[in-house]
Amino acid sequence: MINHWVRQNFAAGDIVFKEGDMGHDAYLIERGCINITINRDGEERVVASLREGEMFGEIALIDQMTRTASAIAIEATTLIPITRDLMVSKLKQSDSLLSHMLEVVVDRYRDAMDNHAPRAPELTGPRETGMHNLRDYAVNQLKMAQSLSDALERDEFLLYYQPVVYLQDGRLAGFEALIRWNQPDMGFVSPLGFIGIAEDTGLIVPIGRWVLATAITALGQFQKTMDAQHPGNAGLFMSINVSARQLQELGEVSEIAALIRDSGVDPRRIKLEITESALIDNPEMAALSLHKLKELGLLLAIDDFGTGYSSLSYLGQFPLDTLKIDQSFVATMREKNASLRITRAIAGMALDLEMNCIAEGIEHASDIEALLTMGCEFGQGYHFSKPLSEAQAQEFIKRRAVPVSGANPSG
Ligand code: C2E
Ligand code: CA
Ligand code: CA
């Protein structure tokens with residue numbers, strides 16, 4: 001990782017940057033003094049004298065245009081540069097509305113400067129394009145949030161269902177419901193591209209409600225097909241992803257209890273998947289919600305296990321049924337010994353804690369044997385099936401609900 005905090009030392013008279021240079025860094029003065037000067041009619045005029053703790057160069061850093069002034073050390077000075085990469089990564093982690101506001105403020109500042117002291121055109125550098133263009137990024141995020149808020153009403157979401165199988169014989173055990181957004185201009189948008197925005201804006205709450213209702217209804221339909229095709233089957237489960245923001249609300253249980261009652265589906269067939277990081281963000285609240293949901297009879301799974309740096313002592317506080325081993329370990333198990341060992345350790349821990357275990361991201365048949373030896377009961381991944389539309393899932397139930405590990409594997 002780049003160290004963004006490498007100090008730079010300047011002697012009296014050293015130029016930090018000149019008017020017209022491209023702005024890549026802002027600077028924090030740790031020690032010393034900096035004069036900010038502008039050149040008017042061939043004469044350098046000091047417009048500010050800055051000392052310890054003050055910052056300069058931030059405007060050009062943000063909008064990636066040329067410097068509108070020069071900075072000169074007037075005594076021995078130490079600066080902490082704040083790089084553009086750091087700024088970009090901070091902005092991307094921040095709220096899209098806030099980063100857009102920042103862009104607008106910078107624009108207004110530039111306009112005000114232009115009105116008061118018109119800049120020569122050659123001082124105006126080209127704007128950056130592509131991924132690093134913060135303005136495009138912020139506007140894009142805002143547009144996305146806007147169209148996301150209409151998407152529910154416009155019926156643009158749908159669920160896909162990825163089969164989860166018994167590793168022992170490939171029999172279908174259940175599905176994981178995965179949301180898709182069919183956006184009229186952009187086409188299918190991956191949940192990785194919008195779940196974060198939905199969480200930031202709070203839209204995840206109504207979207208999550210829709211996911212729950214839709215997935216529970218689908219489970220009822222899938223179980224009907226299962227019963228018709230394979231009488232006496234063990235029953236399918238439906239895994240539903242729940243984000244941190246939804247957990248508290250779900251803990252109030254009346255809504256989900258009503259959903260389950262109305263659907264007639266057995267609550268012991270509905271599995272809520274909560275990521276490890278959602279649990280450790282607020283463990284007390286999470287434990288409270290999970291215990292209430294457990295009382296309703298629901299199954300609970302911890303998702304992406306191994307990626308959230310949780311303290312293992314938390315695990316015992318949560319009434320969990322299933323541990324999902326993150327696909328980053330499973331996918332690299334064959335070539336990386338460390339992944340293999342981590343997968344084995346996680347599977348062993350699940351057994352010790354009397355949970356069952358689902359390995360995610362299985363893409364190769366050769367992984368199945370290893371996972372079975374580790375005591376992992378369930379698997380999910382492209383090797384068995386990609387996520388399927390509701391109609392395709394119905395077909396899958398008809399074809400694959402019986403053991404497939406024998407002489408005639410299909411699909
Ligand atoms: P996740 O819960 O870990 O879901 C598994 C993701 O891995 C899915 O991506 C799935 O399509 C993908 N996957 C499954 N098998 C394989 C494989 O063998 N190889 C590879 N490379 N990938 C595989 P997807 O559908 O894009 O979902 C991404 C994430 O979005 C999910 O990760 C979940 O965190 C979130 N998400 C999806 N649907 C919902 C939802 O309804 N609500 C919430 N809150 N989050 C959701
Ligand atoms: Ca999941
Ligand atoms: Ca996962």
Side-chain angles (χ1 to χ4, degrees), residues 148 151-152 156-165 167 174-182 187-219 237-250 256 270-279 281 299-308 320-334 339 343 346 357-368 371 378-390 392-393 396 411:
L148 203 53
L152 261 182
E156 290 169 2
F157 291 118
L158 62 167
L159 290 185
Y160 267 50
Y161 303 92
Q162 187 174 34
V164 178
V165 305
L167 286 174
F175 290 94
E176 175 175 4
L178 294 161
I179 194 167
R180 299 291 178 264
W181 180 17
N182 189 6
F188 272 86
V189 185
S190 151
L192 299 173
F194 70 86
I195 291 289
I197 301 174
E199 283 171 345
D200 289 348
T201 52
L203 286 167
I204 193 67
V205 173
I207 293 173
R209 252 183 232 136
W210 175 87
V211 170
L212 270 174
T214 310
I216 290 174
T217 308
L219 175 60
F237 65 79
M238 179 69 77
S239 276
I240 303 171
N241 291 286
V242 165
S243 67
R245 184 99 182 234
Q246 278 175 278
L247 196 54
Q248 188 156 19
E249 208 194 59
L250 277 176
I256 187 165
I270 300 168
K271 186 179 285 198
L272 301 183
E273 291 193 3
I274 299 121
T275 59
E276 189 184 11
S277 47
L279 292 183
D281 280 351
L299 298 172
L300 301 172
I302 184 164
D303 202 359
D304 302 343
F305 191 79
T307 60
L320 298 164
D321 304 279
T322 301
L323 203 153
K324 291 192 86 168
I325 309 176
D326 190 67
Q327 46 179 289
S328 58
F329 304 116
V330 179
T332 56
M333 223 168 52
R334 278 165 318 124
S339 297
T343 307
I346 296 176
C357 168
I358 302 179
E360 289 191 88
I362 301 178
E363 295 189 0
H364 303 276
S366 55
D367 295 333
I368 298 173
L371 288 162
F378 299 101
Q380 178 181 351
Y382 294 168
H383 169 66
F384 304 107
S385 172
K386 293 205 165 178
L388 306 170
S389 70
E390 186 164 351
Q392 291 169 327
F396 191 94

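Just so you know, ligand 1 is whichever comes first in the structure, and atom 1 is the first atom listed for that ligand.
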N, O or S atom within E176 nearest to the Ca ion (ligand 2), by name: OE2
Non-neighbouring partners of E273 that pass salt bridge (Lys or Arg N to Asp or Glu O under 4.0 Å), sequence neighbours left out: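 E273 satisfies salt bridge (Lys or Arg N to Asp or Glu O under 4.0 Å) with K324 once adjacent residues are dropped.
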Could you tell me whether a side-chain N or O of [X] sits under 3.5 Å from a main-chain N or O of [Y], the two making a donor and an acceptor?
X    : Y    : value
N241 : A177 : yes
E363 : G381 : no
D321 : L300 : yes

Plane angle bin for Y161 and F175 - parallel if under 30°, tilted between 30 and 60°, otherwise perpendicular: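 F175 vs Y161 ring planes: perpendicular.
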Side-chain heavy atoms of I216 within contact of I240, under 4.5 Å: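 Yes, at least one pair of side-chain atoms sits under 4.5 Å.
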Sequence-distant partners of L203, side chain to side chain contact (heavy atoms under 4.5 Å, CB included), two or more places apart: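 L203 satisfies side chain to side chain contact (heavy atoms under 4.5 Å, CB included) with L148, S149, A198, T201, I207 only.
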Contact summary for Q327 and G361, nearest pair of heavy atoms: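 That closest heavy-atom pairing would be CB-CA, 3.7 Å.
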Non-hydrogen atoms of T343 and V330 that approach each other most closely: OG1-N, 4.3 Å
Every N, O or S from the protein that is nearer than 3.0 Å to the Ca ion (ligand 3): D303 OD1, D304 OD1, E360 OE1, E360 OE2
Option among I256, I204, V242, V205 that satisfies the side-chain contact (heavy atoms from CB on, under 4.5 Å) test with E249: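 The side-chain contact (heavy atoms from CB on, under 4.5 Å) with E249 is passed solely by V205 among I256, I204, V242, V205.
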Just the distances, no angles: every ligand 1 N or O to protein N or O pair closer than 3.5 Å, one line each.
from, atom 1, to, atom 2, distance (Å)
ligand 1, 2 (O), E176, OE2, 3.1
ligand 1, 2 (O), N241, OD1, 3.1
ligand 1, 2 (O), D303, OD2, 3.1
ligand 1, 3 (O), D304, OD1, 3.3
ligand 1, 3 (O), E360, OE1, 3.4
ligand 1, 7 (O), Q327, NE2, 2.7
ligand 1, 15 (N), Q162, NE2, 3.0
ligand 1, 18 (O), Y382, N, 2.8
ligand 1, 19 (N), E363, OE2, 2.6
ligand 1, 21 (N), E363, OE2, 3.3
ligand 1, 22 (N), Q327, OE1, 3.1
ligand 1, 22 (N), Y382, OH, 3.3
ligand 1, 25 (O), R180, NH1, 2.9
ligand 1, 25 (O), R180, NH2, 2.9
ligand 1, 38 (N), I179, N, 3.1

